[in-house]
Protein chains: 2
Amino acid sequence: MEVDRAEVERRVEHFMEAAKEAGIKLTHQRIEIFRQVAASADHPSAESVLKALQPRMPTVSLDTIYRTLWLLNDLGLVSTLGPKRESVRFDANLTHHHHYVCVRCGLTRDFESAELNSLHIPESVAEFGSIDATHVEVRGVCSRCAKEQTEESERNKSAIKPRGQEKNTP
Amino acid sequence: MEVDRAEVERRVEHFMEAAKEAGIKLTHQRIEIFRQVAASADHPSAESVLKALQPRMPTVSLDTIYRTLWLLNDLGLVSTLGPKRESVRFDANLTHHHHYVCVRCGLTRDFESAELNSLHIPESVAEFGSIDATHVEVRGVCSRCAKEQTEESERNKSAIKPRGQEKNTP
DNA sequence: CTGACTGCAAACCCTTTGCAGACCG
DNA sequence: CGGTCTGCAAAGGGTTTGCAGTCAG
């Protein structure tokens, strides 16, 4: 499924500006990789970006795609779906509940809300398939990470923030 | 963070019955692994279950934990958080949007809803940390998988359904 | 020109699998 | 006791990293 052509070009434009501003080089690979992600409505993985790019760029390699996608992520031009790169988590709470997730360390906590259990979902969604459950995910920075963040922000004043790689199962 | 002791025992009880009903053996390992997941409010990974169990059961191995957790998942006694075990997916749509996810093949589609963009989150959630974004995930079986499912349901009439392992980036 | 970037290959981490011995029922 | 289950070790798949050559600015 493809994104509207004009929208793709708008996103690419935005990417070019942001890249220039961040002082990174606009290589052929980066432009094509970004264009490919921007054009796909189905949130591709690195692998599927590679497959899509192969015909146009036979020599592009998977690791460049990874590096580029994470770079784009750091620049705030794309985001990732679901947990970054963690192990699978298991949940013995069988009641209908929702989650608070810390975007820094992955801490996950349940919460309940009768209101959120009965959300009104747009009718258009039914076209995708059956609707079995709806689940709300609240994202933020947990208190512990917030504390660490302020502590270390004393020294860092660089433009680009590193992609948090620390793991944590508190 | 620990789950209420009585609640844990209630869950373990439920597990014992369900296991008997399913005809699987109640080994020491299975009971302890289940108890550990049931007792953790933070949705542990296999690795953290292992660490928690090491003191009590020094010889338990990581692969047994994996096998047991997936077994519990198949029995409907635990569930998994986030995408089962896929590669990271990237998203170039920077607008506030929500997701429809097929639980069979992982197909993911965006949808928008002004109503869902401004949900009322319980105040208790603020205790966990800052609230930066809220995101609704609708789960179901996509039309394509639903078709396949009915086609193959002719032959299968086994009690326990296999854990869907197929991957798919449509 | 020169430092940033790419491609290659090998390393890494989490997870799964094959097999021989151990244990539940 | 027999078949299920465990532990071990090794394989597997996705992702990352070190290095030497390449390219954008």
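Protein chains get the first letters and strands the later ones, always in sequence-line order, with residue 1 at the start of each.
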For B/Arg56, all residues meeting side chain to side chain donor-acceptor pair (under 3.5 Å), sequence neighbours excluded: B/Glu32, B/Gln36
A/Arg30 CZ - C/dG7 P separation (whole Å): 11 Å
Between P of D/dG14 and CZ of B/Phe90, the distance in whole Å: 14 Å
Separation of C/dC12 C1' from B/Glu47 CD (nearest whole Å): 13 Å
Plane angle bin for B/Trp70 and A/Phe90 - parallel if under 30°, tilted between 30 and 60°, otherwise perpendicular: perpendicular
Closest nucleotide among D/dC5, C/dG7, D/dC8 to the B/Ser61 side chain: D/dC8
Gap between atoms CD and P, on B/Glu32 and C/dC23 respectively (whole Å): 16 Å
Flag if over 12 foreign heavy atoms under 6.0 Å of NE2, B/His97: yes
Nucleotide-resolved protein contact map, nucleotides 18-25 of chain D, B/S/- at heavy-atom distance under 4.0 Å: B-----BS
Atom pair distance, as rounded to whole Å: CG in A/Leu50 and P in D/dG13: 16 Å
Expected output: side-chain B/Ser143 to main-chain A/Phe128 donor-acceptor under 3.5 Å: yes
Nucleotide nearest A/Ser87 (side chain, heavy atoms from C-beta), chosen from C/dC14, D/dT16, C/dG7: C/dC14
A/Leu71 CG - C/dA4 C1' separation (whole Å): 11 Å
Flag for A/His43-B/Asp110: side-chain donor and acceptor within less than 3.5 Å: yes
